[in-house]
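Each chain gets a letter, A, B and so on, in the order the sequences are listed, and its residues count up from 1.
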Protein chains: 2
Amino acid sequence: MGHSDTKQQILNAAESLFAREGYQATSMRAITESARVNLAAVNYHFGSKEALFEAIFERRLRPLNEVRQKRLKEIRDEARRHGLTPATREILRAFIEPALRFKESRKGEVDFTILIGRSFIDSDDTAQKIFFRLMKPLSRVMLEMLSEALPELPREAIFWRYQFVVGALARTMRIYKNPKFESMKVNHEPDVDSLIDSLISFAVAGMETPIGQKQSAV
Amino acid sequence: MGHSDTKQQILNAAESLFAREGYQATSMRAITESARVNLAAVNYHFGSKEALFEAIFERRLRPLNEVRQKRLKEIRDEARRHGLTPATREILRAFIEPALRFKESRKGEVDFTILIGRSFIDSDDTAQKIFFRLMKPLSRVMLEMLSEALPELPREAIFWRYQFVVGALARTMRIYKNPKFESMKVNHEPDVDSLIDSLISFAVAGMETPIGQKQSAV
DNA sequence: GTCTATAGATTGATAGAC
DNA sequence: GTCTATCAATCTATAGAC
């Protein structure tokens, strides 16, 4: 029961390795060596590799999504007080900002940002199941509020545009401050505030654009 | 040298499995059993699992990117003939449309669409190296042409907005027609034409939005 | 080209001493 | 709670018969 430093060391090491190498490619031996604990410690403290993976998401994604839900609720309540519906920009900000700005920029949180970015896409069954369970309630609220904010858009358009935003955010979380992507010319790393504003503006413009303005191909 | 049906069967089976399960999670046994060939056949025909993975990308991503490069060149030449610079929409269409509309919608191409969507994010070293090598020349041209089309935007803005588009496209390729994502309410699968137009409009609006229109947080 | 058989390494997990 | 030692399964790759 005690605080068990070992448990935290395992969580931190595994978070970093899963982010860098992926779930499948990371072995228990790699985790325990990096955490400088015994090989058997993971099974003792967590039960299995899969349970460890789940614990990592519970530790960070759950509180992150709670923050997002709380902000969405505040936005909704505030708008209602004025008899309005929430602005698209505020909804998207509540979704994007907490994901890119963890309170502290400690290493663990940078690792986890990368891990989430990867998990949005990675279809490893283990990852997907855990990830979806934690994301689903938030997605439901997002789709609902975006529909209210943009009543002229059909539900399909809302759904897909929300997916586009999710993809853009995932890509950003995946490459921002990620040493593996230094080969791309990200030599101009912006500060996180600019990046957040940049993505929000992009997302708002895309989300609010009128439909049906097709154009001939090629 | 002969056409070797075995080789194609392996490519098709591996493409599907890599798309569904990921590179690391897919074993040689799973591939050869699915392809109904002998376990040793992969090493005989391709040399190694990694070389097989590379062959899959060479078979589809290379021609896909050649199509995109060709269309970008046509757009550029056509604009030059009129003393203009290419429109953002046309550039983005050349990038997005070929990726979502393979000539035939054969199963293999659906699998590969999913595989590319995954590979944009997946950081497995093997996948990244191969994927980057094939994507880099295209990215260079895209960034160049987008800079011409949007001269008022600083290079960093161009770079990040391009990444947002890449993320949105990757997410779309990942979930469109993917049975694993049926749990999400994609019960309203749009036809591919609508989806393409939808993503292009979203991307154009995001790409062209003026910078600096910040807003207070929360 | 295709097959069987197997080498050689690595995996997640656990039993049992301390 | 931590450790050593090890099991049983699985992996990629290859040698060699046909």
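- Side-chain polar atoms of A/Arg59 and A/Gln8 form a donor-acceptor pair below 3.5 angstrom.
- Between the CZ atom of B/Arg36 and the P atom of C/dT2 there is a distance of 16 Å, rounded to whole Å.
- Among B/Lys70, B/Arg62, B/Arg68, the single residue meeting the side chain to side chain contact (heavy atoms under 4.5 Å, CB included) criterion with B/Glu66 is B/Arg62.
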Residue pair A/Met135, A/Leu61: steps toward the side chain to side chain contact (heavy atoms under 4.5 Å, CB included) verdict: CA-CA 9 Å; A/Met135 287 304 296; A/Leu61 185 55; 4.2 Å; yes
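- Just one residue in the list A/Arg93, A/Glu208, A/Glu148 forms a side chain to side chain contact (heavy atoms under 4.5 Å, CB included) with A/Thr88, and that residue is A/Glu208.
- If you check the side chains of A/Arg161 and B/Ser198, you find no donor sitting under 3.5 Å from an acceptor.
- Of all nucleotides listed (D/dT14, D/dT2, D/dT6), D/dT2 comes nearest to the side chain of A/Tyr44.
- Comparing C/dG12, D/dA13, D/dA15 by their nearest atom to the side chain of B/Leu39 picks out D/dA13.
- Nearest to the side-chain atoms of B/Ser48 among the listed nucleotides D/dT4, D/dA13, C/dT11 stands D/dA13.
- Relative to the side chain of A/Met28, the nucleotides D/dA15, C/dT2, C/dA13 differ in distance, and C/dA13 lies closest.
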Working for side-chain hydrogen bond (donor to acceptor under 3.5 Å, both in side chains), residues A/Tyr23 and A/Ser119: CA-CA 10 Å; A/Tyr23 175 75; A/Ser119 301; over 6 Å; no
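- Protein atom CG of B/Asn38 is 13 Å distant from nucleotide atom C1' of D/dC18, rounded to whole Å.
- Between its opening and closing five pairs, the helix from C/dG1-D/dC18 to C/dC18-D/dG1 changes axis direction by 0°, a value rounded to 10 degrees.
- One atom, CD of A/Glu21, and another, P of C/dT11, lie 12 Å apart when rounded to the nearest Å.
- Distances were taken from every side-chain heavy atom of A/His45 (C-beta onward) to each of D/dT2, D/dT6, C/dT11; the shortest belongs to D/dT2.
- D/dC7 atom P lies 13 Å from atom CZ of A/Arg29, rounded to whole Å.
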